[in-house]
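In what follows, every heavy atom counts, from backbone to side chain, and hydrogens, waters and symmetry copies are set aside. Chain naming here is simple, since letters A, B, ... match the order of the sequence lines and numbering starts at 1 in each.
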There are 2 protein chains.
Amino acid sequence: MLFSTKAEYGVRLMVELGRRAGTTAPEEAEPVALATVAEAELLPLSYLEHLVAKLRQADLVSSVRGAHGGYRLAKPAREIAMLDVVEALEGPVAPMECFHTEREGRVLCSHEVDGDRACATKLLWTRVHGGVTKALAGTSLAELVEFADAAAATAALPEPVA
Amino acid sequence: MLFSTKAEYGVRLMVELGRRAGTTAPEEAEPVALATVAEAELLPLSYLEHLVAKLRQADLVSSVRGAHGGYRLAKPAREIAMLDVVEALEGPVAPMECFHTEREGRVLCSHEVDGDRACATKLLWTRVHGGVTKALAGTSLAELVEFADAAAATAALPEPVA
DNA sequence: ACAAATCCTAGCTGTCCAGTCGGAAAACCG
DNA sequence: CGGTTTTCCGACTGGACAGCTAGGATTTGT
């Protein structure tokens, strides 16, 4: 398993916020209480609190405290890459424990003791890492929102007009 | 983290077998004792035994029992896709717990209760899964062996001829 | 017979996931 | 003001799994 339920729940949460905001600018959308999304997605509220905290620290959602408070997207859905969402929830995405991406794009593996003896596996994990990050970075929250809306629309019409 | 040390150690083991076989056909290569690769790669022998058992069940290596026994590749390195190696060690590769690939290429998510209500996240995990499997399936063991040999060769020449 | 190796099963220890709980602080509302 | 609704924060727990280790049975060269 690549990701835990943290990513699953967190992404669902973000999609829910995106759907409720609709086309209105995120700044002006009404904040959505966590209890609302918990009920809609059948997720435990107390657990969601931990996840949304991470999303807030990553500046992906903003919060409004007090009664009638809640959360909303910090940016328009189209500007939110799912890579950022997942990394906020799960930490830096890496295929292996020993795999770290340095700032300069260099890849380090804790198994290469010095610089000389390269892991044979480095080539493989680098490719996998590239595949994952490419998929995550290339998908925006807006895409998922549209996907969810489309699915909900077809579900509302049990018999398409044929 | 996508994979555990099972994949890391197992891949290293396969690369080691591939390197020692060299260009000789796998059938005729001398079997390599597990203790040898454990020493070469600084990995715990008793743990490797578990991993190699899985590789054998997946017909990726073949074993020779008794004194002077050991393991060798069951097929030429070029015909071994790393996807098979990793799946033998880690089980079916999936980004999420709720993500299963059915035989017919259909993708199921345990969260879509019926057929109608599709996970919003399905699109995302499908893309990630595609990225990972593409990277793994597109890399053969032979590539990693060549990579390791090349790295070892340059390490043996501290000063390239400049 | 002995030694070298693969094989098989069992267990053990730590870490982390998933989730709960209790309570603080902030903001709206009457 | 006081109560209600919400976000916020930390501690705790039960279970699962990763990462080994141990011990022995089995097979096979010498």
Side-chain angles (χ1 to χ4, degrees), chain A residues 1-13 17 20 30-39 41-74 86 89-92 94-98 110-111, chain B residues 1-13 17 20 30-39 41-58 60-72 74 86 89-92 94-98 110-111:
Chain A
M1 257 73 61
L2 177 35
F3 299 123
S4 64
T5 61
K6 284 203 261 283
E8 174 72 23
Y9 295 176
V11 170
R12 300 257 282 278
L13 168 61
L17 292 185
R20 305 203 178 241
E30 278 202 353
V32 180
L34 254 198
T36 307
V37 306
E39 194 179 3
E41 295 282 341
L42 300 174
L43 300 177
L45 169 61
S46 43
Y47 191 40
L48 274 188
E49 290 182 3
H50 293 295
L51 305 183
V52 80
K54 297 185 179 186
L55 293 172
R56 196 174 51 86
Q57 285 165 25
D59 274 318
L60 293 167
V61 304
S62 64
S63 65
V64 178
R65 303 184 64 162
H68 272 97
Y71 297 90
R72 57 184 157 217
L73 300 181
V86 170
L89 294 161
E90 300 267 357
M96 295 289 312
E97 183 74 45
C98 77
S110 48
H111 280 288
Chain B
M1 255 74 59
L2 176 36
F3 300 123
S4 65
T5 61
K6 285 204 259 284
E8 174 71 24
Y9 295 177
V11 170
R12 300 258 282 279
L13 167 62
L17 293 185
R20 302 199 180 247
E30 277 202 354
V32 180
L34 211 51
T36 307
V37 306
E39 194 179 3
E41 295 281 342
L42 299 174
L43 300 177
L45 169 60
S46 44
Y47 191 40
L48 275 187
E49 290 182 5
H50 294 293
L51 305 183
V52 80
K54 297 185 179 185
L55 293 172
R56 196 174 51 86
Q57 286 166 23
L60 293 168
V61 305
S62 64
S63 65
V64 179
R65 302 185 63 161
H68 271 98
Y71 298 90
R72 57 185 156 217
V86 169
L89 294 161
E90 301 268 358
M96 294 289 311
E97 184 73 46
C98 77
S110 48
H111 281 288

Exercise. Which pair of heavy atoms, one from B/Pro31 and one from B/Gly69, lies closest together, and at what distance?
Worked result: CB-C, 4.0 Å
Exercise. Does the side chain of B/Arg56 come within less than 4.5 Å of B/Leu60's, by heavy atoms?
Worked result: no
For this session: Keeping the roles fixed (side chain from B/Glu90, backbone from B/Ser4), state whether a donor-acceptor pair exists under 3.5 Å.
Result: yes
Exercise. Can you name the closest pair of heavy atoms from B/Arg72 and B/Val64 and give their distance?
Worked result: NH2-CG2, 3.7 Å
Exercise. Given atom CG of B/Leu48 and atom C1' of D/dT21, what is their separation to the nearest angstrom?
Worked result: 13 Å
Exercise. Looking at the side chain of A/His50, which of D/dT4, D/dT21, D/dG10 is the nearest nucleotide?
Worked result: D/dG10
Exercise. Counting only side-chain N and O atoms of A/Ser63, is one of them less than 4.0 Å from OP1 or OP2 of D/dT6?
Worked result: no
Exercise. Can you find a pair of side-chain heavy atoms, one from B/Tyr71 and one from B/Val32, that are under 4.5 Å apart?
Worked result: no
For this session: Take the protein atom CG of B/Leu45 and the nucleotide atom P of D/dT21, then report the distance between them rounded to whole Å.
Result: 10 Å
Seminar exercise, completed: When every non-hydrogen atom of A/Leu89 is compared with those of A/Leu51, the smallest separation belongs to CD2-O, 3.8 Å
For this session: Walk along DNA chain C from 5' to 3' and tell me the first and last nucleotide with an atom closer than 4.0 Å to a non-hydrogen atom of chain B.
Result: C/dA4 to C/dA10
Exercise. DNA chain D: B/Glu90 or B/Gly66, which has the more 5' nearest nucleotide?
Worked result: B/Glu90
Exercise. What about B/Arg65: does its side chain form a donor-acceptor pair under 3.5 Å with the base of D/dT27?
Worked result: no
Exercise. CG of A/Leu55 versus C1' of D/dC8: gap in Å, rounded?
Worked result: 15 Å
For this session: To the nearest Å, give me how far apart CG (A/Leu17) and P (D/dT7) are.
Result: 11 Å
For this session: Specify the separation, in whole Å, of atom CD of B/Glu49 and atom P of D/dG23.
Result: 14 Å
For this session: Starting from the 5' end of DNA chain C, give me the residue, B/Ala67 or A/Val64, whose nearest nucleotide shows up first.
Result: B/Ala67
Exercise. Atom CG of A/Leu51 and atom P of D/dC8: how far apart are they, to the nearest Å?
Worked result: 14 Å
Exercise. Under 4.0 angstrom, heavy atoms only, what part of the nucleic acid is A/Thr5 near: base, sugar-phosphate, or nothing?
Worked result: sugar-phosphate
Exercise. How long is the line joining CG of B/Leu89 and P of D/dG19, in whole Å?
Worked result: 12 Å
Exercise. At under 4.0 Å, does any side-chain N or O of B/Lys6 touch on OP1 or OP2 of D/dG19?
Worked result: no
For this session: Respond yes when some side-chain nitrogen or oxygen of A/Tyr71 is under 4.0 Å from OP1 or OP2 of D/dC8, and no when none is.
Result: yes
Exercise. Does some side-chain heavy atom of A/Tyr9 sit less than 4.5 Å from a side-chain heavy atom of A/His50?
Worked result: no
For this session: Grab the CD-P distance between A/Gln57 and D/dC9 for me, whole Å please.
Result: 8 Å
